[in-house]
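From a predicted model like this one, the values you see are computed outputs, not experimental measurements. Atoms considered below: every heavy atom in the structure, side chains included; atoms not considered: hydrogens, waters and symmetry mates. All residue numbers refer to positions in the sequence shown, counting from 1.
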Amino acid sequence: MMQFTEINYTEKLDHIVSEAIDYLSTSLQSNTVFFSTSNGTVNTIRRVFNRRYKLLKEGETRNYRYEFCRVVTESGENPLVINDLSLHPLTKEHVITNFIGTGSLIGVPIFTDENEMIGSLCVFDLDAYRFTEEDVRLMKMLGYIINQSLTLEGALIKDPLTGLYNRSYIFNYFPTRSMDHPRTAVLYLDFDYFKQINDIYGHAAGDRALQTISGCLRSYFPAQSTIARIGGDEFVVLLPQEKEILTEDYIRSIFQLIYKECHNGGLVINGDKIFFTLSAGVSMYPEDGSDMGELLNKADLAMYDAKNKGKNRVEFYNQEILGTYTRSFYMKNELKQAVEQRQFHLLFQPQVQLDTNRLIGAEALLRWKHPQLGDVPPSEFISIAEKAGLMEDIGWWVLKESFRIAGEWIKGEKDNFQLAVNISPQQFENKQMAEDIIKLLRYYDVPPEQLIIEITESMIIRQEKQSLDLLHTLKKEGIRIALDDFGTGYSSLSYLASFPVDMIKIDKSLTMNLDVASNRKIIEAIISLAESLDIIPLAEGIETKKQLAFLTEHACVYGQGYYFGRPAASKAFAAEFLHKNSGYDPVI
C-alpha cells in the first residue's frame with residue numbers, strides 16, 4: 001500500500017504538484033489552485049496558489065467530511081467539473097457553498113493503481129466560471145501525470161513481489177531519517193535453504209515462501225521499523241531506537257518470535273510442510289559507521305558469520321568477524337592463481353569391501369597448501385571458490401590430475417581398482433561435461449568402468465533434464481555414478497528410482513554418531529533401500545571397530561574412513577596399499 005507521507009513519496013509529490021500548480025496558475029484565471037492529500041478523515045492542503053483572495057493556507061488540515069475534496073474523490077468523475085456550485089446537485093447544499101453563496105470548481109482525484117486514495121488537484125473560484133474543454137483536458141492530463149509519477153516512484157522503491165521496500169529506498173531513506181534517532185540497528189537477513197525450495201518445488205513456490213517470510217517480518221518487527229527486500233532471499237530491517245533500548249537481548253527476542261511463527265505456520269507445498277529459518281547479522285548506527293553502505297557491509301559480514309555457525313541464528317558485527325572475512329577475501333584472490341602456481345595437490349583415501357577387508361579403490365580429495373597461509377582445509381576454501389565462480393577450473397584440474405595418477409596405477413595391472421572423483425556443481429552445469437570427461441579418460445588411458453563420479457542430490461535437481469542427459473551419457477560409456485552425502489538435507493527416493501545411480505554414500509555425520517538411535521535407523525533404512533534398488537551402499541567416516549561391526553552386521557557393502565587409512569599423497573598411497581599382493585590390515 002502506498003503511503004504518501006513517506007519521504008520518497010513526499011519529495012516526489014511536492015515536486016510534481018508544485019510544477020502542476022505553477023502551470024495551472026498561468027493557464028487558468030481562477031483565484032485558487034491547490035493540491036490536498038486525504039486519508040478519509042483528514043484533508044491536508046499540501047500546495048496552494050491564491051491569486052486575489054487568500055482562501056487557503058498551505059499546511060492547514062481540515063475535516064475531510066466537510067471539504068470539496070471529498071466531493072471530488074467520491075464523485076466517480078475524472079475530472080469533476082462544476083461551473084456553478086449553487087446549481088450542481090453535488091455542491092448546492094454543501095456547507096462551503098452555503099457559506100460563500102456561489103463559485104466554481106474543477107477537481108481531479110488522485111488514486112494509486114491499487115485504488116488507494118491519495119488526494120485531489122483542484123481549481124476553485126468564488127465566482128461562477130465556465131471551464132472550457134481545453135481546461136478539462138489540461139486537468140485530466142496533470143492528474144494523470146501526478147498519478148503515474150507516484151506509480152513510477154512506487155516501482156522504483158518497492159519490491160513488487162512482497163510489497164516491501166527495495167535497496168534503493170533503504171539508501172535514500174537512511175541519510176534523511178538516521179538523525180531522528182540516537183541509534184539504529186541495521187539487520188541483514190538471509191532465508192536459509194531458499195535455493196533448495198526453488199530447486200525442488202519451483203520458483204512459484206519460492207515466491208510464496210518469500211511472501212510468507214515478508215509477512216512474518218511485518219508482523220513482529222516494531223511499527224517504526226523499515227523493512228526491505230534487497231535481493232533474491234535477502235532482507236534488510238532498519239530498527240530505530242525509540243521506547244525500547246536496542247540491546248542484543250531485545251533484538252534476539254524479536255527473532256525468537258519470528259522463529260516461532262515460521263515454525264508454527266510454515267508453508268504447505270505439494271503436500272509437504274516447509275518450515276523457514278533465517279540467519280541474521282546486525283550492525284549498529286553510529287557505533288559501526290554512519291554510512292549506509294558501510295553499515296550494510298558489516299551487517300552482511302555478521303550474517304555470513306551466523307550462516308557459518310550453523311544458520312538460524314543472529315550474530316552482531318565485531319572486529320573479529322572483519323578479520324575472518326578479510327581472510328576470505330584474500331583467499332578468493334589467491335585461489336585465482338593457485339592452479340597456475342601448483343598449490344593444489346591430491347590425497348587419496350582407501351575404500352574397502354567391509355566383509356573381506358579388501359581394498360577396492362580410493363576417493364581423490366583436493367587439498368590446498370598456500371605459501372603464506374599453509375594448509376587451508378577444504379571446508380574453508382571450497383565454499384569461497386564456489387561463490388567466486390572458480391570451482392569449474394579447479395574441478396577440471398582435479399579430474400586431469402586424478403586421471404593421470406590413476407592411469408599410472410592401472411598400468412601397474414590394478415585392473416579392479418576404482419577411482420572416485422567429486423564433481424563440482426559448476427562443472428555439472430556445463431552441458432559438455434560428460435563428453436569432456438570421456439575425452440580425458442581416453443587421453444590418460446583410464447578404463448571408464450574404473451571411474452566413479454560423485455555428485456550430490458542438489459546438483460541433480462538444479463536442472464533435472466540436463467542432469468539426466470549427462471548421467472545417461474556417462475553411464476553408456478561405462479562410468480559409474482555415486483550419490484554423495486546421502487541421508488542429509490532433502491534426500492528424495494524419487495531421484496534414486498529415476499536417475500542412474502550405482503552407489504549411495506552414507507554421510508559421515510550418521511556413521512560417526514551411532515549412539516543416536518535415529519541415525520542407526522536411517523542407516524538401516526538406506527542400506528535396505530539400496531539393496532532393493534540394486535544400488536551399492538558405502539559408509540563414510542568409519543573410525544572404530546564398533547562402527548565397522550554395526551555396518552557389516554547390516555550388510556553395508558563398502559566403507560571408508562580413518563579406521564582403514566587416512567588420506568595420503570599418491571606415492572604414499574601406492575606404497576601402502578597398491579604394492580601389496582593381498583588385502584591389508586586396517587590402521588587402528
Side-chain angles (χ1 to χ4, degrees), residues 2-75 78-82 85 91 94-112 116-127 129 131 135 138-154 157 172-173 175-177 179-180:
M2 176 175 286
Q3 298 177 13
F4 52 76
T5 57
E6 293 165 359
I7 180 171
N8 286 64
Y9 289 130
T10 298
E11 291 176 353
K12 178 64 69 173
L13 201 58
D14 288 346
H15 174 74
I16 192 69
V17 165
S18 294
E19 294 288 327
I21 287 177
D22 285 348
Y23 189 73
L24 285 172
S25 67
T26 59
S27 300
L28 280 73
Q29 296 306 305
S30 292
N31 187 81
T32 302
V33 182
F34 68 97
F35 178 84
S36 66
T37 53
S38 307
N39 62 8
T41 302
V42 175
N43 194 65
T44 303
I45 307 301
R46 290 288 294 273
R47 287 286 185 271
V48 65
F49 166 82
N50 293 291
R51 189 180 304 277
R52 294 178 303 241
Y53 309 110
K54 192 172 183 178
L55 301 180
L56 293 173
K57 184 173 68 174
E58 238 170 62
E60 66 179 323
T61 59
R62 296 163 173 263
N63 190 316
Y64 172 69
R65 180 180 177 185
Y66 301 113
E67 289 297 292
F68 279 148
C69 301
R70 181 182 179 188
V71 178
V72 172
T73 55
E74 296 181 4
S75 69
N78 186 11
L80 174 65
V81 182
I82 302 177
L85 296 171
T91 57
H94 197 279
V95 62
I96 296 177
T97 307
N98 291 336
F99 179 73
I100 63 175
T102 187
S104 55
L105 174 73
I106 181 170
V108 179
I110 308 296
F111 291 87
T112 68
E116 180 194 1
M117 178 178 63
I118 297 175
S120 57
L121 175 67
C122 299
V123 175
F124 173 64
D125 201 278
L126 293 175
D127 299 320
Y129 183 89
F131 294 105
D135 297 336
L138 178 60
M139 289 293 291
K140 288 182 69 173
M141 179 188 71
L142 291 174
Y144 179 79
I145 290 173
I146 293 172
N147 176 280
Q148 291 303 300
S149 296
L150 295 178
T151 299
L152 176 60
E153 183 71 4
I157 68 171
N172 289 330
Y173 167 96
T176 306
R177 295 295 175 88
M179 299 305 173
D180 296 342

### Message
If you apply the rule side chain to side chain contact (heavy atoms under 4.5 Å, CB included), what do you find for Phe68 with Thr97, and how did you get there?
### Response
CA-CA 9 Å; Phe68 279 148; Thr97 307; 3.6 Å; yes

### Query
Is the shortest heavy-atom distance from the side chain of Leu56 to the side chain of Arg62 under 4.5 Å?
yes

### Query
Is there a donor-acceptor contact under 3.5 Å from the side chain of Asp125 to the main chain of Asn31?
yes

### Task
Mind checking the CG-OG spacing from Asn43 to Ser120? Nearest 0.5 Å is all I need.
6.0 Å

### Message
Please report the interatomic distance OG1(Thr73) to CD(Glu67), rounded to the nearest 0.5 Å.
### Response
11.0 Å

### Distance in Å, Leu121 CG paired with Ile16 CD1, rounded so as to fall on 0.5 Å steps
10.5 Å

### Query
Could you give the distance from CD1 (Ile110) to CG (Asn78), rounded to the nearest 0.5 Å?
7.5 Å

## Note on the structure
Closest non-hydrogen contact found for Met117 with Asn39 is CE-C, 4.0 Å

### Query
Which atoms form the tightest heavy-atom contact between Phe131 and Ile82, and what is the distance?
CE1-O, 3.8 Å

### Query
In a check of side-chain contact (heavy atoms from CB on, under 4.5 Å) between Ser30 and each of Leu126, Asp135, Val123, Asp127, which one passes?
Val123

### Message
Working to the nearest 0.5 angstrom, can you tell me the gap between Asn98 CG and Thr91 OG1?
### Response
10.0 Å

### Query
Closest approach of Phe124 and Ser104, non-hydrogen atoms and distance?
CD1-O, 3.3 Å

### Query
If every non-hydrogen atom of Tyr64 is compared with every non-hydrogen atom of Glu74, which pair is closest and at what distance?
OH-OE2, 3.4 Å

### Message
For Arg70, is there any backbone N or O sitting under 3.5 Å from a side-chain donor or acceptor partner on Arg65?
### Response
no

### Message
With rounding to the nearest 0.5 angstrom, report the OH to NE2 distance, Tyr66 to His94.
### Response
10.0 Å

## Note on the structure
Here the pair of heavy atoms bringing Lys57 nearest to Ile45 is O-CB, 3.6 Å

### Step-by-step side chain to side chain contact (heavy atoms under 4.5 Å, CB included) determination, Val33 to Phe35
CA-CA 7 Å; Val33 182; Phe35 178 84; over 6 Å; no

### Query
Looking at Ile146 and Ala20, what are the two nearest heavy atoms and their distance?
CD1-CB, 4.5 Å

